[in-house]
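Heads up: the structure comes next, in structure tokens.
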Amino acid sequence: MEGVRNWWQELAGLVLPAECGGCGRDREVLCPECRAVLGGTAPFRVRPVPEPPGLPAVHAAARYADEVRAALLAHKERGVLALARPLGVALAGAVRVGLGEEGVGEGPPPPGDILLVPVPSTPATTRARGHDPARRIALVAAGELRRAGMAVRVAAVLRQRRAVADQAGLSARERLENLVGALTVVPGGARVLGGGPVVLVDDLVTTGASLAEAARAVRAVRAVGSTAPETPAPTPRTPRGEEARTAPERVPRAGRTMGRGAPERVSRADRMGRVECGEGGRAVYAGVTREGREVRPSGAGAGRGGVGGCGAGEVLCAAVVAAPPDSFEINRN
């Protein structure tokens with residue numbers, strides 16, 4: 001039923017008169033004036049105050065006020081799915097600026113694809129809304145960046161591991177305490193994260209607690225993979241008086257991604273741009289846009305090599321569509 005409802009919402013947004021998600025103007029999904037507010041300026045580095053420990057550098061495309069706030073709420077809470085396109089384009093701009101400040105694009109390319117990892121909502125919230133706003137705009141952003149020549153895909157590898165209280169009305173400290181340890185990586189997600197460096201994405205940052213917790217969950221998996229002991233490769237028996245015809249089989253390190261020749265469980269969902277990998281975790285989402293659908297394989301075989309200044313699974317930065325106006329004032333003593 002959820003898929004049917006989403007399909008009807010998208011169809012209605014195409015054929016029925018709409019109102020601007022920002023100002024309410026008739027027959028405009030987002031009018032030119034509101035588009036200019038959303039993406040008319042370069043994304044900024046933002047810092048919540050107080051800044052939670054472990055928060056990566058965050059860039060936002062716009063200030064969370066007036067037209068931008070209305071558009072985000074219309075997409076998130078009212079299911080105006082046509083707004084995913086302009087919101088995703090704005091998010092792509094924030095990702096691009098964040099990667100530029102991390103040195104991506106200068107020198108050797110990073111290993112594998114850039115992974116956009118959306119911060120998940122609770123399952124109950126996603127069911128109530130009928131869609132996952134952060135993942136939807138991340139898919140649009142990935143498509144926009146690929147069209148600009150960047151190797152990017154979406155890896156929805158995070159999920160809630162325990163119940164959390166409603167964040168509304170909580171202070172910054174209470175939000176941080178509420179979310180500590182709340183996120184984990186899905187089974188099989190460690191392999192996906194081994195496919196390239198990570199950019200955390202969300203539609204909105206307020207206190208930074210959600211992004212800090214997402215960064216902790218990703219870093220925890222990477223730390224486990226980097227410290228796991230290496231399994232020695234077995235040595236094949238060589239017949240007496242005869243050279244071995246085959247080289248020793250290499251056993252991959254723990255946490256390493258699937259190679260190009262490794263089997264990958266692909267279900268009927270791959271036609272929707274989703275790949276089932278690992279232990280049944282639906283983790284990797286190709287950029288599904290109106291321009292076309294594709295499934296990009298995960299794993300080391302999918303990357304192009306190169307080391308650069310970032311490693312596979314490393315959290316480079318975070319990007320959001322919007323942040324509170326006061327978080328843009330980063331030059332504080």
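Hydrogens, waters and symmetry mates are skipped; everything else that's a heavy atom, side chains included, is used.
Under a hydrophobic clustering in which Ile, Leu, Val, Met, Phe, Trp and Tyr are joined whenever their side-chain heavy atoms come within less than 4.5 Å, directly or via other members, Leu139 and Val80 fall into the same cluster. Hydrophobic clustering (ILVMFWY, side-chain heavy atoms < 4.5 Å, transitive): Val89 and Val321 are in distinct clusters. Connection of Val119 to Leu176 is not established within any shared hydrophobic cluster, with ILVMFWY side chains joined at heavy-atom distances below 4.5 Å, either directly or through further cluster members. In the hydrophobic clustering of this structure, Val95 does not group with Val97; members are Ile, Leu, Val, Met, Phe, Trp, Tyr whose side-chain heavy atoms approach within less than 4.5 Å, directly or through other members.
Minimum interatomic distance between Leu211 and Pro56 (heavy atoms only, all atoms of both residues): O-CD, 4.4 Å. Heavy-atom minimum distance, Leu99 versus Cys317: N-SG, 4.1 Å. Considering every non-hydrogen atom in both Ala138 and Leu116, the closest pair reads O-CD1, 3.9 Å. A pairwise comparison of heavy atoms in Gly22 and Ala70 identifies O-CB, 3.5 Å as the closest pair. Contact record, Ala322 with Leu72: CB-CD1, 3.7 Å, taken as the closest heavy-atom pair. Contact record, Val37 with Glu67: CG1-OE1, 4.2 Å, taken as the closest heavy-atom pair.
Here Glu102 contributes atom CD and Glu314 contributes atom CD; the two are 8.0 Å apart, rounded to the nearest 0.5 Å. Going from atom CG of Leu30 over to atom CZ of Arg85 covers 12.5 Å, rounded to the nearest 0.5 Å. Note that SG of Cys20 and CD of Glu33 are 8.5 Å apart. Values are rounded to the nearest 0.5 Å. Put simply, CG on Leu81 and CD1 on Ile137 are 12.0 Å apart, with the number rounded to the nearest 0.5 Å. Taken from CG in Leu83 to CZ in Arg78, the straight-line distance is 8.5 Å, to the nearest 0.5 Å. Summarising the geometry, atom CD belonging to Glu28 is positioned 9.5 Å from atom SG belonging to Cys34; distances are rounded to the nearest 0.5 Å.
Put simply, the side chain of Arg159 never gets that close to the backbone of Pro120: no donor and acceptor are under 3.5 Å apart. Side-chain atoms of Glu213 come within 3.5 Å of backbone atoms of Leu183 as a donor-acceptor pair (strictly under, hydrogens ignored). Under a 3.5 Å cut-off, the side chain of Arg45 and the backbone N or O of Glu101 do not form any donor-acceptor pair.
By the 4.5 Å heavy-atom criterion applied to side chains, Ile114 and Val199 are counted as neighbours. Within the 4.5 Å cutoff, the side chain of Val315 has heavy atoms near those of the Leu200 side chain. For the pair Pro118 and Asp132, the minimum side-chain heavy-atom distance is 4.5 Å or more.
Through chains of ILVMFWY side-chain contacts below 4.5 Å, Val164 is grouped with Leu179.
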Discussion item. Val218 vs Leu193, test: side chain to side chain contact (heavy atoms under 4.5 Å, CB included). Steps then yes/no.
Written reply: CA-CA 8 Å; Val218 172; Leu193 292 173; 4.1 Å; yes
Item to complete: Apply side chain to side chain contact (heavy atoms under 4.5 Å, CB included) to the pair Arg96 and Leu145, showing each step before the final yes or no.
Response: CA-CA 8 Å; Arg96 190 180 295 112; Leu145 293 168; 3.5 Å; yes
Discussion item. Run the side chain to side chain contact (heavy atoms under 4.5 Å, CB included) test on Leu204 and Val320 for me, step by step, so that the C-alpha distance in whole Å, both residues' side-chain angles and the decisive distance to 0.1 Å come before the verdict.
Written reply: CA-CA 6 Å; Leu204 174 67; Val320 296; 5.9 Å; no
Item to complete: Check step by step if side chain to side chain contact (heavy atoms under 4.5 Å, CB included) holds for Val185 and Leu158.
Response: CA-CA 5 Å; Val185 173; Leu158 296 177; 3.9 Å; yes
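In this structure Glu51 satisfies the side chain to side chain donor-acceptor pair (under 3.5 Å) test with no other residue, sequence neighbours excluded. Considering only residues two or more places apart in sequence or on other chains, Asp202 meets the side chain to side chain donor-acceptor pair (under 3.5 Å) condition with none of them. When the side chain to side chain donor-acceptor pair (under 3.5 Å) test is applied to Arg173, the partners found at least two apart in sequence or on another chain are Glu177. Partners of Pro324 according to the side-chain contact (heavy atoms from CB on, under 4.5 Å) rule, which considers only residues two or more places apart in sequence or in another chain, are Thr206, Asp326, Ser327.
Residue pairs meeting the ring pair (Phe, Tyr, Trp, His ring centres under 6.0 Å) criterion with at least one member in residues 40-92, sequence neighbours excluded: Phe44-Phe328, His75-His131.
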